[in-house]
Amino acid sequence: MKTPFKISAILLTVSLTSCSTIFRTKTQTINVFSNADKAQITVNDSVYALPAKIKLLRGKKPLTLSYQSNNKQFDTVVLPKSGPLFYLGNIVTSPLFGVGYWVDLTNKKRYQYKKNIFLNDKDGLEIYEYKADKYIAKREITDSLKQVEILEKIKKHEEATVIKKQKNDAIEFKRFNPTAGTFRFNIQPPTLFLMGFSSKNTNVDYFSNSVGGMGFGFGGDYYYSNKRFFSMELSHRINQFHPPYVDTSYDFLANNLNLSIRKGHRLNRIEYSYGLSFSFFSSEYSKNNRSFQDDYKTIGFSTLFNYQLTSVMYIGIRYNPSVYNFKSIDNGFDYGHIIGIDYRLKF
C-alpha cells in the first residue's frame, strides 16, 4: 500500500506545482545588439551600451526598449509569450483535467521575451545587407575582411534563394494555370469506393454493392489547349480492405483492373472529364462449400470530377459504369460500376 500511495503523492505534487513552477526561473536574460558604432538602450530606467545582456523579471507586461544613437532614436515594444514548457510540459497533467495548465495560468514564470533582439540603425538596406549586419552584430565581429566575406556569402545565398523562389513560383503558377502542351503525371492512392455487381454475374443473386478501399492507380493528362486536355489512366481496385493477392477468409473477393481514356475541361481549379472505360474483372467466391473464379472483361464509360486543393493535390468523385460484358457464356449488355472518392497527386 505504501508504494501506490507514494506514487500518487508524487503525481499530485507535480500536477499542482506545474512545469513553469518547477523548471522556470523568475528571471531571464535577453541579448540586444545593433549595427550602429555607438548605441544604447534604456530599459526600466536603466541605460545599457550595446551590445548588452540584460537580466529581466518574467511577466505578462510588454517590455519597452528605448533606443538611441548618433543616427536614430526610437522605442521598440517586445511582447511576452508563453514558453514551450507551458504547452509541452503540462501534457502529463491532461488526465487530471489539465491541472498544470490552470496553475501555470496564474504563474508569471510561464512568460518569456524574445531572447535575441536586433535593432537596425541603417535605412535602405537590402535584405542580404540586413541579414549580414544582424549576423555580424550578434557575434561582435570586428575584422573588416571577415565582415566583407560574410556580406558576400549572404548576398550569394540570397541571390540563389531569390532565383530558386522565382523558379518555384513559376512552376506553381503553371500547375494552377496549365497551358497548351503541358503534360502532368498523376498517381492515385487508395480511397473509399463502391464496386457494383450485376445480378447476371454468376457469383451474386441480385445487384449488390461492395465497399472497398484498397488499390492504386497512375496516369497522365495532356493539355492540348489552356482549358482542354486528354487523360489516360490505369487503376486497380479491390472490393475489400486488404492488400491484393493476400489469402483471406472473405466469401467474395473481386479485383477490377481499369483503363480509362477521357476528354477533360478545366475551369479555374475545377476539372471534369468523360470518356470510355475498359475493365477486367476477376472475382473469387464460395458457393455450396466450393470455390469458384469468374473472369470477364467489360466496356463502359468513365467520368471524373476533381477540385484542385494545392498545386499537386486533387480531390473529387469518379464514376465508371460498365454497360457491356464479354464473357465466354452469357455475354451482352450488363450494368456494373465503380463509384467513389478520387484523390490524386499531379506532378
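What you see below is based on every heavy atom in this structure, not just the backbone, and it leaves out hydrogens, waters and symmetry mates.
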Going through the distances and angles, do L276 and F301 end up as a side-chain contact (heavy atoms from CB on, under 4.5 Å)? CA-CA 4 Å; L276 296 177; F301 301 101; 4.2 Å; yes
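- Two different hydrophobic clusters hold I317 and Y307 under the rule that ILVMFWY side chains link at heavy-atom gaps under 4.5 Å.
- For F173, the CZ atom counts as loosely surrounded, since its 6.0 Å shell holds 12 or fewer non-hydrogen atoms of other residues, nucleotides or ligands.
- For L192, the CG atom counts as densely surrounded, since its 6.0 Å shell holds more than 12 non-hydrogen atoms of other residues, nucleotides or ligands.
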Are D342 and Y314 close enough, and set up right, to give a side-chain contact (heavy atoms from CB on, under 4.5 Å), and what steps lead you there? CA-CA 8 Å; D342 183 87; Y314 288 71; 5.7 Å; no
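- Put simply, OH on Y128 and CD1 on I154 are 11.0 Å apart, with the number rounded to the nearest 0.5 Å.
- In this structure the side chain of R237 never reaches within 4.5 angstrom of the side chain of N255, judged on heavy atoms.
- By the 6.0 Å contact criterion, CG on D37 is open, its count of non-hydrogen atoms from other residues, nucleotides or ligands being 12 or less.
- Counting only distance, with no hydrogens or angles, the side chain of S277 and the backbone of G300 share no donor-acceptor pair below 3.5 Å.
- Looking at Y272 and T303, their side chains never come closer than 4.5 Å, going by heavy atoms from C-beta outward.
- Side chains of R175 and Q308: a donor-acceptor N/O pair is absent below 3.5 angstrom, by distance only.
- Comment: R262 engages E233 in a salt bridge, judged by a side-chain N to carboxylate O separation of less than 4.0 angstrom.
- The stretch residues 131-153 participates, sequence neighbours left out, in these side-chain hydrogen bond (donor to acceptor under 3.5 Å, both in side chains) pairs: N35-D133, K122-D133, K131-E158.
- Counting only heavy atoms from C-beta outward, the side chains of I136 and I150 approach each other to under 4.5 Å.
- Annotation: K297, atom NZ; neighbour count of heavy atoms from other residues, nucleotides and ligands within 6.0 Å does not exceed 12.
- Taking the side chain as every heavy atom from C-beta outward, L259 and M232 approach each other to under 4.5 Å.
- Interatomic distance, OG1 of T191 versus CZ of F193, reported as 7.0 Å (0.5 Å rounding).
- In the hydrophobic clustering of this structure, I187 groups with F183; members are Ile, Leu, Val, Met, Phe, Trp, Tyr whose side-chain heavy atoms approach within less than 4.5 Å, directly or through other members.
- Between N320 and S279 there is no side-chain heavy-atom pair separated by less than 4.5 Å.
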Start with the C-alpha gap between F185 and F347, add the side-chain angles, then the distance that decides, and say whether ring pair (Phe, Tyr, Trp, His ring centres under 6.0 Å) holds. CA-CA 5 Å; F185 173 77; F347 303 98; 7.1 Å; no
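- The shortest side-chain heavy-atom distance between Y274 and K263 falls under the 4.5 Å cut-off.
- With contacts defined as side-chain heavy-atom distances shorter than 4.5 Å, the pair F326/I299 qualifies.
- Cluster membership for I171 and V162, using ILVMFWY side-chain heavy atoms within less than 4.5 angstrom, is not shared.
- Interatomic distance, NE2 of H236 versus CZ of F280, reported as 9.5 Å (0.5 Å rounding).
- Scanning all heavy atoms of the two residues, the minimum distance from S69 to A36 falls at CB-CB, 4.3 Å.
- Nearest heavy atom pair, residue N186 against residue R344, reads OD1-NH1, 3.6 Å.
- Side-chain atoms of R269 come within 3.5 Å of backbone atoms of L309 as a donor-acceptor pair (strictly under, hydrogens ignored).
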What verdict does the side chain to side chain donor-acceptor pair (under 3.5 Å) test give for D75 and S66, after you've listed the backbone C-alpha separation in whole Å, the side-chain angles of each residue and the deciding distance to 0.1 Å? CA-CA 4 Å; D75 289 343; S66 297; 2.9 Å; yes
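- Minimum interatomic distance between L304 and N306 (heavy atoms only, all atoms of both residues): CD2-ND2, 3.5 Å.
- Its side chain within the 4.5 Å cluster rule, L65 clusters with I30, V32, I41, V43, Y48, L50, I54, L56, L63, Y67, F74, V78, Y113, I117, L119 among the Ile, Leu, Val, Met, Phe, Trp and Tyr residues.
- When side chains are defined from C-beta on, L234 counts as touching L257, because their heavy atoms get closer than 4.5 Å.
- For CG of N70, the number of neighbouring non-hydrogen atoms (other residues, nucleotides, ligands) closer than 6.0 Å is 12 at most.
- Atom CG of D334 sits about 9.0 Å away from atom OG1 of T298, to the nearest 0.5 Å.
- Taken to the nearest 0.5 Å, the CZ atom of F278 stands 9.0 Å off from the OG atom of S260.
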Could you tabulate the donor-acceptor pairs under 3.5 Å formed by side-chain atoms of residues 209-224, not counting sequence neighbours?
unit_1	atom_1	unit_2	atom_2	d
N209	OD1	H337	NE2	2.7
S210	OG	N239	O	3.3
S210	OG	N239	ND2	3.0
D221	OD1	S231	OG	2.8
D221	OD2	K346	NZ	2.6
Y223	OH	E271	OE2	2.6

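- Here the NZ atom belonging to K60 is positioned 5.5 Å from the OH atom belonging to Y111, to the nearest 0.5 angstrom.
- Heavy atoms only, all atoms of each residue included: N268 and K227 are closest at N-NZ, 4.3 Å.
- When the shell of 6.0 Å around NE2 of H265 is examined, it contains more than 12 heavy atoms from other residues, nucleotides or ligands.
- Using the six-membered ring where Trp is involved, Y130 and F118 have ring planes that are perpendicular, over 60° apart on the 30 and 60° scheme.
- Residues L194 and Y335 share a single hydrophobic cluster, defined by chaining ILVMFWY side chains whose heavy atoms lie under 4.5 Å apart.
- Scanning both residues, F33 and P51, for their nearest heavy atoms gives CB-CB, 4.0 Å.
- When all heavy atoms of K72 and D121 are compared, the closest pair comes out as CE-O, 3.7 Å.
- A distance-only check finds no donor-acceptor pair linking the side chain of N31 to the backbone of N116 [under 3.5 Å].
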